[in-house]
Amino acid sequence: MSNEPAGTVPDAPFDHHSPLYADTWPDLTTRMREACPVTRTEAWGGYYAVTTYDEVRRVLGDDGTFSSRRQIPGVTEPGCPAGIVIPPSPEESVPIEYDPPENRPYRKLIDPFFSPKASRAWGPFVQRVVTECIDGFIASGRGDFILDIANPVPAILTCAMVGLPTEDWRPYAEPLHAIVYEPPGTPDFERVVEQMQTMLAKVMGTVAERRAEPRDDLITWLTQAVVNGAPLDDDEIRSMLLLLLSGGVDTTTSLMGNAIHWLGRNPEKRDWLRADLSRIPQAREEFLRYFTPTQGLARTTTVASDIAGCAHASGRSGVHVAFAAANRDPCRVLAGRRGTGPVSNRHVAFGLGVHRCIGSHIARIEFDIVLREVLTRCRTTSSTKRTPSWVRHDRHRQRLGDHAHLVHARPAVGRFDAGLQRWTTCRCTWTRAAARGTHCAR
Amino acid sequence: MQVHVDTSRCQGHALCAMTAPELFDLNDDDGHATAVVGTVSTELEAEARTAEAGCPERAAIITAAGSDSS
């Protein structure tokens, strides 16, 4: 009855949470895409993975057929949510798990906090935070890029933009990273879900405080907002803040970590950037395309639908929209590039359509400042004896080596130490190490 | 040459304004773009083409001078 596409993965069904995906996604998704634009897998109850740029674009532009909602009347069963990740996340995120037009008033509420103009205004703050982070280790002559910069900066900035206390950033950052690394269905994942609940309870504590004593911040704005004629209730505010925290923290850490790691392994490119910092935006867009921190998100068919003309999905089919695969599709992304301008690269790392990543502007500003400061103030090296493995999740992938990428600070006087710090595993240990906050007192 | 933004497609990626800031204005609240009116000067034509090619939503559109555009 249905046409099963040829693009199934040999020896194992496609599973975006699998070690195979984590370790080999560029080649894996290329092989899938070359076989067929859509792959059927029976993992996680069965879903389709869309891997071409054109098809990703089509799916993301058709919210009516490919819904982001958790509960779709007439389609999903009660108690069996859908939503934008496969398997569904424990909590709803708003407005990313709404379809148009319902998403619109929520999106409009928070757009002004993240617009290009608003994001530019955060530049000086980011500069101060990055400077402080580097100042914290530079005298010692040795630092760790992930622990000292890539972890704190996005967390501190996101807390600040939202209105959470920035000196307290670690309890927010840790579960936000860990929820990305731990594959669903494991005991570790369940533990992290609990950590997230604890963290969100903390966030709601701040919400209650702002209701009592308003400030000039986003949380206060949400407590005073009216949508569809009614104030936002606590559940809605919680879901919106969860999304902003989820979107702002691990993704940017991942992008920065991957970029610095890559530059350490490609020192001629690092030196090329350092020679002319105006090249950073061009490199940044390529890092976004190449690493795609949010590897993919899901949609659910609301009706029986053809996908890419080679699979016929029944209604209520999960579809993994593989941004990372689309970003490697030579037929489309690179064809869109012309000239040597910094943004001729038409990648989909920030998604497409109505749910385009609201943080795209601040993410770029943040990344550029970090890269500029690191290239200017620090020497970077990297050494890996084994191939680093990708950390797994369907929303994000963060590539952490078995050896940490080490940033050697360049002090005004004195000599460097060429030491190297090991992480023993790329997942839990990283998170625990981040929580320990080694290296500097902050 | 003129540039035009299809507002039904624009999602505020703002790549057009990054590429060709002289040709596109961004809304303060949501970063959605509008094109400056008038003819694109010769020295900005290459930027205009890059902006058109670089828009992920295909919302930045170049039209020939004198054709209908809003």
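Here A:F113 contributes atom CZ and B:D29 contributes atom CG; the two are 10.0 Å apart, rounded to the nearest 0.5 Å. Between the CG atom of B:D30 and the OG atom of A:S115 there is a distance of 8.0 Å, given to the nearest 0.5 Å.
No side-chain donor-acceptor contact under 3.5 Å links A:R346 to the backbone of B:P56. Side-chain atoms of B:H13 do not come within 3.5 Å of backbone N or O of A:F350 as any donor-acceptor pair.
Between B:L15 and A:N345, the shortest heavy-atom contact is CD1-O, 4.4 Å.
Using a 4.5 Å heavy-atom cutoff, the side chains of B:E57 and A:R57 are not in contact. Using a 4.5 Å cut-off on side-chain heavy atoms (C-beta onward), A:V354 and B:Q11 make contact.
Residue A:K117 forms a side-chain contact (heavy atoms from CB on, under 4.5 Å) with just one option from B:L26, B:D28, B:N27, and that option is B:D28.
Ranked by heavy-atom pairs under 4.5 Å with chain B, the first of A:P116, A:C357, A:S360, A:G353 is A:G353. With chain B as partner, the option from A:K108, A:R107, A:H361 having the largest number of non-hydrogen pairs under 4.5 angstrom is A:H361.
For A:R279, the CZ atom sits in a packed shell: over 12 heavy atoms of surrounding residues, nucleotides or ligands are nearer than 6.0 Å. A:D216 CG: 12 or fewer foreign heavy atoms inside a 6.0 Å radius.
Heavy-atom distances place no part of A:H355 under 4.5 Å from chain B, backbone and side chain included.
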